[in-house]
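We name chains A, B, ... by the order of the sequence lines, and we start the count at 1 in each one. What you see below is based on every heavy atom in this structure, not just the backbone, and it leaves out hydrogens, waters and symmetry mates.
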Amino acid sequence: MKTTMKAMVAAVATTLMAGSALAGDVNKIGLAVPNLQADFFNQIKLGVEAYAGEKSIEVIVVDAKNDTATQVNQVQDLITQGIDAFIYIPAGAAAAAVPTRLARAEGIPVINVDRTPEGAPGDTFIAGESVESAYQVCNHIIGLAEGKGKMAIIHGQKGTTPEVDRFKGCKRAIDENPDIELVTQQWSQMWSPDEGFSIAQNMLQAHPDIKLIFGQADGLAMGAAKAVDVAGLSDTVIIGGYDGDVAALEYLAKCEGPFIVTATQSTQLMGRLAVDSALKVAAGEDVPERQIPNAVLTTCADAPKFVEKHP
Amino acid sequence: MTADQDVGKSRLLDMISIRGATGPLIGLLLLCVFLSIATDSFLSFRNFLNILDQITVLGIMAVGMTFVILIGGIDLSVGSVLALSMMVLGYLNVEAGMPMAIAISGALLASAIAGAVSGLLITAFRIPAFIATLAMMSIARGVANMITNGSQIIGFPAWFNMGAIIRYGGFLTMTVAVMLIVFTVATLYLRYREGGRSLYAIGGNPEVARLAGINVQRTTVLVYVASAVLSGLAGVLLAARLDAVQPSSGVAYELDAIAAVVIGGTSLSGGTGGVVGTIVGVLIIGVLRNGLNLIGVSPFLQAVIIGSVIVLAVAVETIKRRS
C-alpha cells in the first residue's frame with residue numbers, strides 16, 4: 001500500500017518534470033526563508049535578489065516567521081504564482097519535506113539552502129560546512145586561553161542542523177584540549193541576542209570563573225558579550241561567535257570587547273550559487289548534490305574588509 | 001410569540017444565516033473582489049482549495065475559541081496544547097510504534113486533560129481564565145518539550161501525510177474534510193441544542209444562567225475541554241500536513257485564533273456571536289495571507305496590513321452596534 005502510493009507520486013512527479021524540462025526558461029524564482037529578522041537569512045535574500053536582478057529574473061520572497069506550518073502555506077502560494085524554480089530554506093527544527101514534495105509534483109527545481117529536510121532532498125543542497133568552521137572558532141579561542149580553563153556553550157535552537165553541527169565541531173576542539181573543562185551549556189529558542197544575554201548572565205552567576213564562551217550564532221555571542229561587560233569580566237572572558245552578521249562584524253572591527261572571533265558565512269555567495277543552480281537544473285544541466293561555500297574564520301583584523309563587502 | 005413563530009417558519013433560512021457577521025462577510029467579499037482584480041492567480045478553483053488547506057488548523061482552533069469567548073472566557077493555551085498533542089502523537093506512533101488510531105486517541109486525551117485542568121482551575125479555584133490558561137500555556141509547552149527533550153520526531157507512515165495532500169474527488173483532502181465536519185457540527189450545536197444555547201446564557205450573565213437552572217461550573221469545564229480537544233485535533237492535522245512534529249509548533253497561534261473570533265463579530269465580553277462569524281473571520285485571515293503572498297507584498301508590509309485589517313473589522317462592527 002505504502003509503496004504503491006509512493007510509486008504513484010514518483011511517477012506523477014517524473015512525468016511532470018519531463019514536461020517542464022522542455023521549458024527550461026526561468027523568469028520567476030520563489031524564495032522561502034524561515035525568518036527575515038535574522039541577518040543571516042536576510043543576507044541570503046539580498047544575495048539572491050541582487051544576482052537575480054542582474055539576470056532580470058523576478059524573485060518572490062516569503063517569510064515564515066520561524067513557523068513550519070506557515071511556510072508550507074507560503075510555498076503553496078508560490079507554486080500558485082507559477083514560479084519556475086524554488087529556493088527553499090526550511091523553517092524550524094522539523095525541516096518539512098512537504099514543500100519539496102509539492103514543488104517536485106509540479107516539476108519545479110528545488111534548491112535547498114542552509115538546511116535540508118530528511119528523506120526529501122532537493123536538486124542540490126547549498127550550505128557551509130558548520131562542523132569544520134565551528135572547530136576553527138573554538139580552536140582559536142582555546143588557543144588564546146592557552147589551552148586551559150572553564151568553558152561554556154550557548155546553543156542555538158535545539159535539534160536544528162546548524163545547532164547539531166556547530167556543537168560537534170566545537171566539541172572536537174574541546175576534546176583535543178584535556179585542560180579545557182566544559183562546565184555548562186544551554187539552548188536558546190531563537191538564536192537571539194536577548195537570549196544570549198540572559199543565558200550568559202545565569203552561566204556567569206553559577207560559574208564566575210568561566211574563561212571561554214562559544215555562542216553558536218553571533219546574536220548569542222553579542223548578547224553574551226553584553227552580559228560579560230555587565231559582570232565586569234571583559235578582561236578575563238573570551239567569546240567566539242558564528243555567522244558573521246553585519247552587526248557582529250562591525251563590533252569585531254572595533255576590536256575592543258570580549259567577543260573577538262567569528263566564522264563569517266558566505267551568505268551573498270550562497271544566494272548567487274542558489275540562483276545559478278536553479279538556472280542549471282531548469283536547463284537540464286547537472287549540478288553537484290552538495291555545494292559547500294565555507295565560512296571564513298574572522299578576527300578583528302579581518303573584520304573591516306568584510307564590513308566593506310560581505311562575502 | 002411572533003418571534004417564536006418566525007423562528008419556526010424560517011428554520012432552513014436561519015441555518016445558513018449570518019446573524020451578526022454581515023459586516024465581516026461584506027469585508028471578505030470586497031477583499032476577494034480586490035484580490036481577483038489585483039492578481040490573475042487568485043481567482044481559481046485550485047487557489048480556493050489551497051486556502052482551505054491553509055486555514056485548517058486555525059479554523060478548528062478558532063471554533064473552540066469561539067465557545068470559550070462566548071461564555072466570557074479566554075483560552076491562551078491553545079497553541080501549546082496543539083504542540084503537546086503533536087508530540088504525544090509522534091511519541092506514541094513513531095517512538096512507541098503504536099497504531100495511528102491509538103496514537104490519535106492518546107493525543108486527544110492528553111489535550112482533554114490539559115483543558116480539564118484549566119477548567120477546574122477557573123471554576124473550583126476561581127482563578128481568572130486569563131491566568132489559568134496562561135499557566136496552562138506554559139505547562140503544556142514544557143511537557144511537550146520534555147517528551148523528546150526538545151527534538152523533533154519524523155517517520156510517520158506515508159498515508160498520514162498523503163491525507164493532507166491527496167484531494168479525493170479532486171476536491172477534499174482528509175484534513176479539510178475534518179475541518180468542514182467540525183464547522184458543521186459546531187454551528188448546528190450552538191444554534192439548536194440546549195447545551196449550545198446555554199453558552200450564550202452564561203456569557204450574557206452567569207448568575208442569571210445559574211438561577212435559570214444551568215450548571216454553570218460543569219458547562220465551563222466542558223467548554224475548556226472542548227477548546228483543548230479541538231486544539232489537539234488541529235495538532236493531529238498539522239502533524240499530517242507537515243509529516244513531522246516539533247515541540248516549538250503553534251507558538252502565538254492563540255492570538256490568531258482570538259483575532260479570527262473577534263474579526264468574525266463575537267464579542268470578547270461574551271454572550272454574542274457565533275461559529276458562522278468565526279468561519280468568516282478565519283477566511284478573512286486566510287484569504288488575506290494567501291492574497292498578499294500572491295500579489296508579492298513584502299513580508300514586512302504584510303504584517304502591517306494584517307494588523308490594520310483586524311482593527312478595521314472590529315472598529316466597523318463596534319460602530320455598527322452603537323448606532
Side-chain angles (χ1 to χ4, degrees), chain A residues 1-6 8-9 28 30 32-33 35-37 42 45 58-82 90-102 105 117-120 155 157-160 163-164 187 189-190, chain B residues 39-42 44 46-47 49-51 53-58 82 86 90 145 148-155 157-159 161-162 164-166 234 237-253 256 286 289-300 302-303:
Chain A
M1 182 66 189
K2 271 185 212 170
T3 35
T4 346
M5 244 172 213
K6 272 188 182 159
M8 268 168 57
V9 172
K28 211 189 257 185
V33 291
N35 176 22
L36 284 176
Q37 305 299 320
N42 202 27
K45 167 189 170 246
E58 186 190 346
V59 180
I60 306 167
V61 186
V62 288
D63 174 5
K65 303 194 179 64
N66 276 332
D67 188 67
T68 320
T70 305
Q71 194 167 45
V72 174
N73 292 347
Q74 291 175 333
V75 172
Q76 271 189 331
D77 294 343
L78 285 176
I79 293 171
T80 308
Q81 281 162 285
V98 179
T100 308
R101 286 186 204 143
L102 290 173
E118 271 182 63
H155 292 254
Q157 188 185 2
K158 189 170 174 122
T160 53
E163 187 268 326
V164 173
W187 283 260
Q189 294 288 328
M190 309 271 295
Chain B
T39 165
D40 302 337
S41 40
F42 177 77
S44 71
R46 189 185 149 154
N47 192 47
L49 295 184
N50 280 350
I51 293 174
D53 272 351
Q54 295 171 0
I55 62 169
T56 313
V57 170
L58 175 61
L82 168 131
M86 288 174 81
N145 272 293
T148 58
N149 199 10
S151 308
Q152 58 168 314
I153 301 175
I154 56 170
W159 64 265
N161 179 230
M162 289 304 147
I165 290 184
I166 295 179
L237 301 187
L238 184 58
R241 188 156 162 72
L242 299 178
D243 203 14
V245 295
Q246 69 193 78
S248 57
S249 298
V251 172
Y253 280 22
D256 281 348
R289 289 203 174 130
N290 167 270
L292 293 177
N293 280 342
L294 293 186
I295 303 179
V297 174
S298 108
F300 301 135
Q302 285 195 18

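- If you measure heavy-atom distances from B/Asp40 to chain A, you find no contacts under 4.5 Å at all.
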Steps toward side chain to side chain contact (heavy atoms under 4.5 Å, CB included) verdict (B/Asn145, A/Lys158): CA-CA 10 Å; B/Asn145 272 293; A/Lys158 189 170 174 122; over 6 Å; no

Using a 3.5 Å cut-off and no angle test, enumerate the donor-acceptor pairs between side-chain atoms of residues 60-67 of chain A and protein atoms at least two apart in sequence or in another chain.
from, atom 1, to, atom 2, distance (Å)
A/Asp63, OD1, A/Leu36, N, 3.4
A/Asp63, OD1, A/Lys65, N, 2.9
A/Asp63, OD2, A/Leu36, N, 3.4
A/Asp67, OD1, B/Tyr253, OH, 3.1
A/Asp67, OD2, A/Thr70, N, 3.1
A/Asp67, OD2, A/Thr70, OG1, 2.8
A/Asp67, OD2, B/Tyr253, OH, 2.5

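- Nearest heavy atom pair, residue B/Leu238 against residue A/Ala69, reads CD1-CB, 3.4 Å.
- With a 4.5 angstrom heavy-atom cutoff, A/Gln37 touches chain B only via side-chain atoms.
- In this structure B/Arg241 satisfies the salt bridge (charged side-chain N to carboxylate O under 4.0 Å, His left out) test with no other residue, sequence neighbours excluded.
- A distance of 10.0 Å separates CG of B/Leu242 from CD of A/Gln71, quoted to the nearest 0.5 Å.
- When all heavy atoms are compared, the tightest approach of B/Gln54 to A/Asn73 is NE2-O, 3.0 Å.
- For chain A, the nearby parts of B/Asn50 are the backbone and the side chain; heavy atoms of each come within less than 4.5 Å.
- Both the backbone and the side chain of B/Leu294 come within less than 4.5 Å of a heavy atom of chain A.
- Interface remark: A/Leu78 contributes no atoms to any contact with chain B (heavy atom separation under 4.5 Å).
- The candidate with the highest count of non-hydrogen atom pairs below 4.5 Å against chain A, out of B/Val57, B/Thr39, B/Ile165, B/Asn149, is B/Asn149.
- With A/Gln81 contributing its side chain and B/Asn293 its backbone, the two residues share a donor-acceptor pair below 3.5 Å.
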